[in-house]
Colleague: 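Quick one: this structure, given as structure tokens, is what I'll be asking you about.
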Amino acid sequence: MTAQHMLAAIAVATGVAGAVSAVPTYPPVQAILLLAFIVMGPGSAILCWLELPNPARIAGVIGVSLAVVTMLATSLAWLNVWYPVASCVAASVLVAAIGLVRLRMLRRRPVGPR
Amino acid sequence: MTLARRSPASPSGGIIGAALLAAALAVWIQALRTIPRQKSGEYGLLATHGGVLLSVATALLIAGFLVAVATRRLITAAAAILVAVMVTRVTVPLVTEVPIYSWTFKHVGLVDYIMYYGKDAPAAVDIYTKWPGFFASAAWFSAVTGLDPVIAADWFGPVSHVIDATLIVVLARALGARMRAALVAAMLWELLNWVGQNYYSPQAWALIMATAMLTLLVQSMDHPMAGHFAIAVFAAVVASHQLTPVWLMLVVIPLAFARRLSPRWMPVALTAVVLAYYIPRRRYIGEYGSFFNANPLRNSNSNVSTRGSDGRAFTMLVDRALSASMWLLALLCLVLIWRKVAMPWAAAAIAFSAMLLLAGQNYGGEAVFRVFLYSLAGCSILIAVVLTKWMTASGGWRSGVRTSLAWFALVAMSLASLQGYYGGWSYITMSLRQLQQSRSLMANSADGTIITTIAPAGWPERPNRHYVRLALENPDYDKPLIFLKHALSRGFPTPADLNRIELIGRASGNPLYLVLPRQANTYSDYFGVFKIGAIPLLIQQLTGRPYWTKVIDDEDSVVFSYRERRSPR
């Protein structure tokens, strides 16, 4: 499994976690699921398309994820379109979908010597 | 950065390390049972029985960690970092009823406002509203999950420590350190972090992104795409916190001069982002103090200028000694590894650039704490590289002696750090009842009400969205009564002081609440702010005056209400 495979799989998993976190069940469990999305979701969906060394990859996943969530939430508040649950589900589905597309593409691509 | 020659991992090292970590956890659990039953004094939590147990747990986990590092048991070493986060940070939410620091609740209040109204609070309320990145993100998180922002605030600290520790490992690796040294760096970052800035706050949120950005910067020379992502992350930092982008620019500029960045136009792009964000907000920065103050000595002063109690003097001495030791040690390590490492410029810039902040900003008396916070990552990495090499350079008994010496040094520095972090335990903790009372008082107060305290202790400040309503009506509604503080510091409150409070109440035409939590006494004793006995005398004098009513009177707080009832015509 390459690093890109792994990041794509993380994007799918955290995307699902983000979407499930919006279902009202038990707030601490929802919080843990959404935390996984916030820390790894958007970053893994973007970085699974790129070749970067491990440190940049891990820092990129965390940094980009937090930056995307910051920009998303700040934009909702600035633009007066505060729909946190809907935006969370939309962002999560998008992240999971990107991860799935990337996994599918990687499966088609023959794995050569690295 | 290169380290010592590789030696095979020792199975016994893993077992001994794990056993020491298990012992640390066992002692910590006993500390958790003990701490809530004890009152701490001017020397803070460590001077209690529970605090001693916490110190023992710390010493044990450091032993487990060093054994794991010396014997190349990397998973055990990583586990030790998690145990360190538990012992030093998870302790707080487990033994307290509500998050520590009364000023944490200023952040909770704005988060509550955004959750309820779905927009930023008006700019006139406070400067936070112009840097909403953290607040909007925290409100989004609580709105989606239904998790009370107070509970989120309680657990934010430990979670941010775990993420930060991960990023320190990654940053060290990006700078060329081997995994053992990277783990040592993360452990040092965790253990030496005495400033208590990783609470539910914009700076803690920005620091996570900043550390990630630094790693991307360091790797941008070989992978320019990393540099592009660094710019994107920087934009989010700019929208979240005022000071962190300034520090990042101070790191970027020397790296750019050393041609260690790609794309080459990155400093221009970062400057453009900063200016685009700051220029429209410069009026608000000006309202909350001068942006540039070129007096490093003055800027390095803390926000409380009194000497205070012996306990406070001791804690300050320990903090200063620890900070100075860390900076000197890091400088020494930089000299030792210069020419032997891949990126000395980068490591030095990350470690020491924050000191330049003192040349231009006081930041409300907090600049010196932020300088330590920002420089901690780079200093930890520099020290870790040399320490790991020194510990593992020779085998046999020499390695054992060096590991033992490293243990003594690390335990001493960690206990100093814990003293800094837990030294103010007597006044930074609050009860759930105080939070509920503060929330209720604010929610049920009419516009124009004044709610004032005499010390930033014991009373959650602005704990819900209603503060915005009160602050819009009267921006100074919860400002401390400076003349009363001065009067209490000189001696005992005079009738003229009390008349002046009543005049403020009458002028507002609305109720005035004077909040006197139990912790105001301990705060005063700790910092030496008021004369001994001044607060009890104030309570006694107000009790006997007309129009003053005790609306809260329990073992945690006394709250007076002043409202002059007009006589019927």
Side-chain angles (χ1 to χ4, degrees), chain A residues 18-40 42-43 46-47 49-89 91-92, chain B residues 114-120 131-148 151-152 155 159 163 166-167 169-175 182 205-206 208-220 222-223 225-227 229-230 232-237 239-240:
Chain A
V20 173
S21 76
V23 181
T25 48
Y26 182 53
V29 173
Q30 291 174 258
I32 292 167
L33 291 172
L34 187 57
L35 183 67
F37 175 78
I38 288 175
V39 175
M40 294 185 287
I46 295 170
L47 273 85
W49 299 87
L50 303 167
E51 271 295 344
L52 284 174
N54 263 333
R57 190 180 294 130
I58 297 169
V61 165
I62 296 174
V64 171
S65 295
L66 263 59
V68 167
V69 169
T70 303
M71 291 306 189
L72 171 68
T74 307
S75 302
L76 295 178
W78 268 342
L79 300 173
N80 234 338
V81 285
W82 186 252
Y83 296 105
V85 173
S87 61
C88 174
V89 172
S92 302
Chain B
I114 297 173
M115 282 174 69
Y116 192 81
Y117 292 105
K119 60 182 182 183
D120 288 333
W131 277 264
F134 162 74
F135 301 103
S137 305
W140 187 80
F141 180 81
S142 282
V144 171
T145 59
L147 194 72
D148 188 328
I151 297 172
W155 288 94
V159 170
I163 300 171
T166 307
L167 287 170
V169 172
V170 167
L171 177 60
R173 295 285 288 155
L175 285 166
W205 182 252
I208 297 172
M209 290 189 279
T211 313
M213 182 195 160
L214 291 175
T215 306
L216 293 167
L217 282 181
V218 167
Q219 299 229 285
S220 68
D222 300 324
H223 304 275
M225 185 54 74
F229 283 118
V233 175
F234 182 76
V237 175
S240 301

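Residue numbers start from 1 in every chain, and the chains themselves are labelled A, B, ... in the order their sequence lines are given, proteins ahead of strands.
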Colleague: For chain B, which of A/Asn80, A/Val85, A/Leu76, A/Leu72 has the most heavy-atom pairs under 4.5 Å?
Modeller: A/Asn80
Colleague: Heavy-atom pairs under 4.5 Å with chain B are the metric here; pick the option from A/Ser75, A/Pro53, A/Ala22 that has the most.
Modeller: A/Pro53
Colleague: In terms of heavy-atom pairs under 4.5 Å, which option from A/Gly18, A/Gly43, A/Cys88 contacts chain B the most?
Modeller: A/Cys88
Colleague: CD1 of B/Ile163 to CD1 of A/Ile62: how many Å apart, nearest 0.5 Å?
Modeller: 6.5 Å
Colleague: Give, as side chain, backbone, both or neither, the part of B/Leu167 having an atom under 4.5 angstrom from any heavy atom of chain A.
Modeller: side chain
Colleague: Closest approach of B/Gln219 and A/Pro55, non-hydrogen atoms and distance?
Modeller: OE1-CB, 3.4 Å
Colleague: Below 3.5 Å, can you tabulate the donor-acceptor pairs from side chains in residues 26-39 of chain A to any protein atom, sequence neighbours excluded?
Modeller:
| unit_1 | atom_1 | unit_2 | atom_2 | d |
| --- | --- | --- | --- | --- |
| A/Gln30 | OE1 | A/Thr25 | N | 3.2 |
| A/Gln30 | NE2 | A/Ser21 | O | 2.8 |
| A/Gln30 | NE2 | A/Val23 | O | 3.2 |

Colleague: Is B/Ala235 in contact with chain A via its backbone, its side chain, both, or neither, using a 4.5 Å heavy-atom distance?
Modeller: both
Colleague: Just how far is it from atom CG of A/Asn54 to atom CZ of B/Arg173, taken to the nearest 0.5 Å?
Modeller: 8.0 Å
Colleague: What part of B/Ala139 gets closer than 4.5 Å to chain A, counting heavy atoms only: side chain, backbone, both or neither?
Modeller: both
Colleague: What is the minimum heavy-atom distance between B/Pro132 and A/Thr74, and which atoms define it?
Modeller: CG-CG2, 3.8 Å
Colleague: Enter the distance from B/His223:NE2 to A/Leu50:CG here, rounded to the nearest 0.5 Å.
Modeller: 11.5 Å
Colleague: Side-chain contact test, heavy atoms from C-beta onward, threshold under 4.5 Å: evaluate it for B/Phe141 versus A/Val69 and give yes or no.
Modeller: no
Colleague: Identify, with sequence neighbours excluded, every residue that meets side chain to side chain contact (heavy atoms under 4.5 Å, CB included) alongside B/Ala239.
Modeller: B/Tyr277
Colleague: Mind ranking B/Phe135, B/Trp155, B/Trp205 by heavy-atom pairs under 4.5 Å with chain A and telling me who comes out on top?
Modeller: B/Trp205
Colleague: Going from OG1 on A/Thr70 to CH2 on B/Trp140, what distance comes out if it is rounded to the nearest 0.5 angstrom?
Modeller: 10.0 Å
Colleague: Any chance you could measure B/Phe229, atom CZ, to A/Leu47, atom CG, to the nearest 0.5 Å?
Modeller: 4.5 Å
Colleague: Give, as side chain, backbone, both or neither, the part of A/Pro24 having an atom under 4.5 angstrom from any heavy atom of chain B.
Modeller: neither
Colleague: For chain A, which of B/Ala212, B/Gly118, B/Ala236, B/Ala136 has the most heavy-atom pairs under 4.5 Å?
Modeller: B/Gly118
Colleague: Pick out which of B/Val170, B/Val169, B/Leu171 makes a side chain to side chain contact (heavy atoms under 4.5 Å, CB included) with A/Ile58.
Modeller: B/Val170
Colleague: If you count heavy-atom pairs under 4.5 Å with chain B, which of A/Gly63, A/Pro84, A/Ser87 comes out on top?
Modeller: A/Pro84
